[in-house]
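Okay, structure first, notes after.
Since the structure is predicted, the reported quantities are computational estimates derived from the model, not experimental observations. Letters A, B, ... are given to chains in the order of the sequence lines, protein chains preceding strands, and every chain is numbered from 1.
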There are 2 protein chains.
Amino acid sequence: MRERGYFAIREAIRERISEGEWAPGKTMPGEVDFAAEYDCARATINRALQSLAEEGIIERKRRAGTRVKELPTRRAKFEIPIVRLEVEARGHAYTANLIAQETKAAPRRIAQTLRLHRGAQALHLETVHLASGRPYAYEDRWVNLTAVPEILEAPLYKVSANEWLVRHVPYSSGEVCFSALHAGKRQAEILGVAQGAALFAVDRTTWLEDEYITHMQLYYSPGYQMRTRI
Amino acid sequence: MRERGYFAIREAIRERISEGEWAPGKTMPGEVDFAAEYDCARATINRALQSLAEEGIIERKRRAGTRVKELPTRRAKFEIPIVRLEVEARGHAYTANLIAQETKAAPRRIAQTLRLHRGAQALHLETVHLASGRPYAYEDRWVNLTAVPEILEAPLYKVSANEWLVRHVPYSSGEVCFSALHAGKRQAEILGVAQGAALFAVDRTTWLEDEYITHMQLYYSPGYQMRTRI
DNA sequence: CAGTGGTCTAGACCACCAG
DNA sequence: TGGTGGTCTAGACCACTGA
């Protein structure tokens, strides 16, 4: 272990944990001890250990010290990309069809989700995302016009609402929900699959501060997989 | 902005980004400038900006400086918990039925995934996870006996294989894949749903260094949702 | 090749909380 | 209440890479 850097130290400690040097739940050496052992500053050890703590491998508490987690809950990270980029990353040509665009009163469920006033108008958009001409995903979206009235001027036939919103309201917060659903009549029709087909679905609500911006449901064509490393 | 801490500085900068102070793709001030502005050490600014970079909001390059991302791809984090903890977190009593446990030659697909020799024996386990007595998920797992022969001595009727493995080979790496599948005959039977029902499925392969440990498929009962914040 | 971010150091003070 | 981790500082050197 004569490599430099908190990275090397982190990996060295990770390996010692894997090898069972400290049993789960047991206290590990303190930062000062590690610093002496690896002959570096305490801040460097701190960086390494914080990094492991972020991964969910160890737990750190003031006064109580650092412990190996009893039941490590691994944290998986997903990139939530724009559909266009996702399609292009798979080596396909991306196109999109805006199959419906209408301003109307939002149904109750959407109005609740977006905190709209009773009977408020909202923009409803339906889009099919295509990969090399084949249906890739069907998007059903409602946009709060109070939050982003400018979207009515946007050329949504050219830039998908997804992408327009990301560019204009880029750093919003949100909630994402993944599930498996049966294709309804509309989804089946649009994606060209049998009604009742199992679809991977993503629900997403985004807001900025107190203002709810949009709610989207995305239904992927059968066979879609979301992968990640842990 | 007279609060202390890299946290406060990070949130202040995040807000300035949200408000559009620097257009996407434009260069932001350097660390030295920010340090002067917030009257703190450069290291503190570095911590704040690295944190924003990890979130995927900004991009940093040596020499080129720090930029607001053009198309921010948000990173969602998921905890990948032990099923028992997931069930208990929902306020249900957890039980599990080990419905099959057999050592036999792994089918070709599993053997490939786990890098087993031709015709090697592996442990096949089928488990139903129950929440308050109702089927919650069906688990189909293969374990590489070369990697963890001790599992044959484990009381798997008491501790789920999932949990035993987490305790005994806690810090392995893995690949996770989420998808939507139709319930096959076996899954339908076990979960008590109609054949063809849409199920949320998780595939997971884990390994430690070069040794492949286990491959698992988990089929959740209909209605399961995986949620997270971004 | 100069300027940016990446990292390290030694020292310091503080917040937290288990003993 | 003392020992732990959390954070800050001022200064330094280095690695990378765009102008």
Side-chain angles (χ1 to χ4, degrees), chain A residues 1-14 16-17 21-70 72-73 75 77, chain B residues 1-14 16-17 21-70 72-73 75 77:
Chain A
M1 240 311 291
R2 279 299 73 197
E3 281 189 68
R4 304 313 320 274
Y6 84 95
F7 182 88
I9 292 176
R10 184 188 67 198
E11 293 311 310
I13 295 177
R14 188 207 301 287
R16 291 169 72 180
I17 292 172
E21 180 163 343
W22 307 284
K26 293 297 279 293
T27 305
M28 298 167 59
E31 297 190 348
V32 179
D33 304 322
F34 271 132
E37 181 180 343
Y38 287 106
D39 189 26
C40 65
R42 183 167 77 92
T44 303
I45 297 296
N46 183 275
R47 187 121 166 59
L49 292 180
Q50 282 203 8
S51 175
L52 290 173
E54 245 181 62
E55 285 180 40
I57 288 180
I58 62 178
E59 270 174 334
R60 324 192 67 208
K61 265 192 228 152
R62 281 161 156 133
R63 171 71 192 181
T66 300
R67 295 161 178 277
V68 178
K69 264 209 185 174
E70 289 274 4
T73 60
R75 290 186 189 135
K77 276 190 199 168
Chain B
M1 237 311 291
R2 279 301 73 198
E3 278 188 69
R4 303 314 321 275
Y6 82 94
F7 182 88
I9 292 176
R10 184 187 68 199
E11 294 312 311
I13 295 177
R14 188 207 302 287
R16 291 170 70 180
I17 293 172
E21 180 162 343
W22 306 285
K26 291 297 278 294
T27 305
M28 297 167 58
E31 298 190 348
V32 179
D33 304 321
F34 270 132
E37 179 179 344
Y38 288 107
D39 189 27
C40 65
R42 184 168 75 93
T44 303
I45 297 295
N46 184 273
R47 187 122 166 62
L49 291 180
Q50 282 203 7
S51 176
L52 290 173
E54 246 181 62
E55 284 180 42
I57 289 181
I58 62 177
E59 269 174 334
R60 323 190 71 210
K61 265 192 227 153
R62 280 160 158 136
R63 173 71 191 179
T66 300
R67 294 161 177 276
V68 178
K69 264 208 184 173
E70 289 273 6
T73 60
R75 284 175 199 147
K77 277 189 198 169

Notebook entry, point to check: dT4(D) P sits how many Å from Ile45(A) CD1, rounded?
Noted result: 15 Å

Next item on the list: Note down the inter-axis angle between the two ends of the helix from dC1(C)-dG18(D) to dA18(C)-dT1(D), five pairs each, to the nearest 10°.
Entry: 10°

Next item on the list: Let me know the distance between CD of Glu31(B) and P of dT7(C), rounded to the nearest Å.
Entry: 11 Å

Notebook entry, point to check: Are Gln50(A) and Arg60(A) close enough that some pair of their side-chain heavy atoms sits under 4.5 Å apart?
Noted result: yes

Item checked: Rounded distance in Å - CZ (Arg60(B)) to P (dT4(C)) -> 12 Å

Margin query: Expressed as a whole number of angstroms, how long is the span from Leu52(A):CG to dG5(D):C1'?
Written below: 15 Å

Notebook entry, point to check: In whole angstrom, what separates Tyr6(A)'s OH from dG6(C)'s P?
Noted result: 10 Å

Next item on the list: Whole angstrom is fine here: how far is it from CZ in Phe7(A) over to C1' in dT7(C)?
Entry: 14 Å

Notebook entry, point to check: Counting just side-chain N and O atoms, does Gln50(B) come under 4.0 Å of either OP1 or OP2 of dG6(C)?
Noted result: yes

Check: By side chain to side chain contact (heavy atoms under 4.5 Å, CB included), which residues pair with Arg42(B), not counting sequence neighbours?
Finding: Glu31(B), Val32(B)

Check: Any side-chain heavy-atom pair from Phe34(B) and Ile9(B) closer than 4.5 angstrom?
Finding: no

Item checked: Distance in angstrom units between Arg47(A) CZ and dG5(D) P, rounded -> 18 Å

Margin query: Just N and O in the side chain of Thr44(A): are any of them under 4.0 Å from OP1 or OP2 of dT7(C)?
Written below: no

Next item on the list: Would you indicate, yes or no, if dG5(D) has its OP1 or OP2 atom less than 4.0 angstrom from a side-chain nitrogen or oxygen of Asn46(A)?
Entry: no

Check: Is there a side-chain polar atom (N or O) of Thr66(A) under 4.0 Å from OP1 or OP2 of dT4(D)?
Finding: no

Checklist line | Rounded distance in Å - CD1 (Ile58(B)) to P (dT4(C)) | finding: 16 Å

Anything under 3.5 Å between a protein N or O and an N or O of nucleotides 13-19 of chain C, put it in a table, one pair a line.
from: dA15(C); atom 1: N3; to: Arg62(A); atom 2: NE; distance (Å): 3.2

